[in-house]
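Below you'll find the structure, written out as structure tokens, and then a few comments.
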Amino acid sequence: MAEAPVEASTLPVTVKKKKSLSIEEKIDIINAVESGKKKAEIAAEYGIKKNSLSSIMKNKDKVLEAFESLRFDPKRKRLRTAFYTDLEEALMRWYRIAQCLNVPVNGPMLRLKANDFAQKLGHNDFKCSNGWLDRFKSRYGLVFRAQPAEASGVSVDPSTVWYQNILPYYLNDYHHKNVFNIKETGLLYRMLPTNTFAFKGETCSVGKLCKDRITLVVGANMDGSEKLPLLVIGKNKNPHCFKGIKSLPVHYEANRMAWMTSDIFEQWMQKLDEKFQAQQRRVVIFVDSSPAHPEVKNLKSIELAFFPSCLSSKFVAMKQGVIKSLKIKYRHCLIKKFLSSVEGSREFTFSLLDAVDTLHLCWSTVTPETIIKSYEEAGFKSQKEENDPANAERDPGLDLVTHALGAGVEFPEGLSIEEYAALDDDLETCEAVPNDESECTEESQPDETGFYTSDEEDDGGSLETELPLPSKNEALTALDTLKKFLRSQDMNDGLHNSLAELENFINPLPPK
């Protein structure tokens, strides 16, 4: 006797469970739901529960974005990526540099460094667990092996490792316009040639010399297309000569020693980071390893690359000609201003504000060719062809000596402009220990030697009668005088436009 037929609705439904779905399958599920197919049928077809299907639809945008951007293999089961991408990037750079230096790395070392980077990058909720470390190693294919015994005794030249392995790693990641180097240099901003013998050999820690010093921070990119605004660090937060001044052509900071500190460095990096964020750029900045150059947290557009402390200064691009060119131009301008006062029978005064304006002018005239050549001398290989020596920047010679002698001013015999410009190169420019006492001096107070650092001293070394700021009418009269002089010369369109902009700035035209 035949068995009675069983209705299909009474048959047990066997749901084959799957642990996870690939992105490709999730895309098919999304398409099926959006085409109007019943969710119960789709769940049964793919062997998943209804709440799992609802979760897929809830994260539909992420699934589609991952599929369309091809960031993942469609067969990949999970969309999970590294949450702390900046931390992983820093950790991998550290790991690869350690490999280049033949430094053995194991799991505990990597965990320690990961936690260190997390703290520096501001990820206070991060803790490197064994699970996170395993996933990190899996993502990057890291396998720790015992180092051969014979390799541990091999000495490695840090300069060779840096030049052949580490530097190319950075240059492959960044376009040359986004590769920067910054460097501090001391400057005795009022030092004339007649004072050089008295100053030579001093450490700028006592006497009048200490009052005439600033620290100058110079930076430019590898292809010479961009020079960072100069950072000038003086001794007084509000020098007498800055009174009434609302803007400067440089960044100005101050502390008791007139040098770079960790606080100033961090604040400056944050400002530069905001600038590069606005430009939607990602840059690398090479800096010396120093207590005054700490790791800066939460930088979004800047990666700091620290030169190993064992490397010589020949790898610092700004030291290979850029700073020298700037100082030579500056000394040249200082001599010219001094001779003008002598010939006009006027007392020579040169304030910190004069120094700032002169530095800005000289920095604007340092050529891209000089910058590119300096990077090449430091071992940074440029994509551009070698510069034609005929196009190299010519530094102004000390032909002013003859002019000076005619004005009755004696200069030290045999002093070259290069020697004159380099006399303050060895001044200390950075704090030795972070958080050292370096408060700004807003009023007159004794320094560590017992001398007084006053606003008046920063403004020329003598008490001067404060001059009132010029009125608008006086400024317009001065502009008319400037126009008459410039129009008697061979002016280009740029100068004409600049004069028009100046006049409109002083006396704006009414709006339409």
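Residue numbers count from 1 along this sequence. Just the heavy atoms: all of them, side chains too, but no hydrogens, waters or symmetry mates, feed the values below.
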Task: side chain to side chain donor-acceptor pair (under 3.5 Å) partners of Tyr174, counting only residues at least two apart - done: Glu303
Open item on the list: Do Ile182 and Val218 have side chains that approach each other closer than 4.5 Å (heavy atoms only, starting at C-beta)?
Closed with: no
Task: Closest non-hydrogen atom pair between Pro239 and Leu352, with its separation - done: CG-CD2, 3.8 Å
- [ ] Taking Trp268 for its side chain and His251 for its backbone only, find out whether a donor-acceptor pair lies under 3.5 Å.
- [x] no
TODO: Step through the shown structure and confirm whether more than 12 heavy atoms of other residues, nucleotides or ligands are within 6.0 Å of NZ on Lys337.
DONE: no
TODO: For side-chain contact (heavy atoms from CB on, under 4.5 Å), just list the numbers for Leu272 and Val283, CA-CA rounded to whole Å, side-chain angles, deciding distance to a tenth of an Å, and then say yes or no.
DONE: CA-CA 10 Å; Leu272 290 178; Val283 306; over 6 Å; no
- [ ] Working to the nearest 0.5 Å, report the span between CG of Leu167 and CG of Leu171.
- [x] 4.5 Å
Task: From Met318, Lys327, Lys324, residue fulfilling side chain to side chain contact (heavy atoms under 4.5 Å, CB included) relative to Thr185 - done: Lys327
Open item on the list: Does the plane of the ring in Tyr189 sit parallel, tilted or perpendicular to the ring in Phe350? Use 30° and 60° as the thresholds.
Closed with: tilted
Open item on the list: Under a plain distance cut-off of 3.5 Å, with no hydrogens placed, do Glu184 and His293 share a side-chain donor-acceptor pair?
Closed with: yes
Open item on the list: Side chains of Leu110 and Trp94, heavy atoms from C-beta outward: is any pair under 4.5 Å?
Closed with: yes
Open item on the list: Rounded to the nearest 0.5 Å, what separates atom CZ in Arg213 from atom CD in Glu428?
Closed with: 8.5 Å
Task: Geometric cation-pi criterion, Lys113 with Phe117: 6.0 Å, 45° - done: yes
Task: Any donor-acceptor pair under 3.5 Å from Glu377 side chain to Ile372 backbone - done: no
Task: CG-NZ distance between Leu228 and Lys271, expressed to the nearest 0.5 angstrom - done: 13.5 Å
TODO: State, yes or no, whether a side-chain contact exists between Asp86 and His123 at a heavy-atom distance under 4.5 Å.
DONE: yes
Open item on the list: Does anything in residues 274-291 form a salt bridge (Lys or Arg N to Asp or Glu O under 4.0 Å)? List the pairs, not counting sequence neighbours.
Closed with: Glu89-Arg282, Lys183-Asp288, Glu226-Lys275, Glu226-Arg281
TODO: Answer whether the closest heavy-atom distance between the side chains of Ile371 and Lys227 falls below 4.5 Å.
DONE: yes
- [ ] Please test Ile214 against Ile233 for side-chain contact (heavy atoms from CB on, under 4.5 Å), starting from the C-alpha separation and ending with a verdict.
- [x] CA-CA 6 Å; Ile214 56 176; Ile233 306 172; over 6 Å; no
Open item on the list: Would you compute the distance between atom OG of Ser374 and atom NZ of Lys319 and round it to the nearest 0.5 angstrom?
Closed with: 11.5 Å
Task: Donor-acceptor pair between Gln277 and Asp273 side chains, under 3.5 angstrom - done: yes
Open item on the list: So, taking the atom named NZ in Lys177 and the one named CE in Met222, what distance separates them when rounded to the nearest 0.5 Å?
Closed with: 14.5 Å
TODO: For the residue pair Thr370 and Thr367, establish whether any side-chain heavy-atom pair is separated by less than 4.5 Å.
DONE: yes
Task: Heavy-atom pair of closest approach, residues Gly219 and Trp363 - done: O-CZ2, 3.3 Å
Open item on the list: Could you report the tightest heavy-atom contact between Ala220 and Tyr375, atom names first, then the distance?
Closed with: O-OH, 2.6 Å
Task: Among Tyr170, Phe286, Phe315, ring pair (Phe, Tyr, Trp, His ring centres under 6.0 Å) partner for Phe307 - done: Phe286
Task: Closest approach of Leu299 to Ile302 (non-hydrogen atoms, all atoms of both residues) - done: CB-O, 3.6 Å
- [ ] Report yes if some heavy atom in the side chain of Glu253 is under 4.5 Å from a heavy atom in the side chain of Gln267; otherwise report no.
- [x] yes
- [ ] Measure the spacing between OG1 of Thr261 and CZ of Arg256 and express it to the nearest 0.5 Å.
- [x] 12.0 Å
Open item on the list: Walk me through whether Lys329 and Leu361 qualify under side-chain contact (heavy atoms from CB on, under 4.5 Å).
Closed with: CA-CA 9 Å; Lys329 293 173 182 292; Leu361 171 65; over 6 Å; no
Task: Shortest non-hydrogen contact from Phe306 toward Pro294 - done: CZ-O, 3.8 Å
TODO: Could you walk me through whether Leu187 and Leu359 pass the side-chain contact (heavy atoms from CB on, under 4.5 Å) test, one step at a time?
DONE: CA-CA 11 Å; Leu187 181 67; Leu359 284 167; 3.9 Å; yes
TODO: Report yes or no: does Gln119 contribute a side-chain atom to a donor-acceptor pair with the main-chain N or O of Asn115 at less than 3.5 Å?
DONE: no
Task: Pair Phe242 + Tyr252: ring centers closer than 6.0 Å - done: yes
Open item on the list: Tell me whether Gln280 at atom CD has more than 12 heavy atoms from other residues, nucleotides or ligands lying less than 6.0 Å away.
Closed with: no
Task: Closest contact, heavy atoms only, Ala258 versus Thr215 - done: O-OG1, 2.6 Å
Task: Test log, rule side chain to side chain donor-acceptor pair (under 3.5 Å), inputs Asp223 and Asn221 - done: CA-CA 6 Å; Asp223 67 3; Asn221 65 350; 3.1 Å; yes
Task: Any side-chain heavy-atom pair of Ser340 and Arg346 under 4.5 Å - done: yes
Open item on the list: Within the structure provided, determine whether Trp259 and Cys430 are in side-chain contact (heavy-atom separation under 4.5 Å).
Closed with: no
- [ ] Could you pull out all residues at least two apart from Pro249 that satisfy side chain to side chain contact (heavy atoms under 4.5 Å, CB included)?
- [x] Val356, Asp357, His360
Task: Sidechain-backbone polar pair: Ser325 side chain, Gly321 backbone, donor-acceptor under 3.5 Å - done: no
Task: Phe180 and Phe276 aromatic centres sub-6.0 Å - done: yes
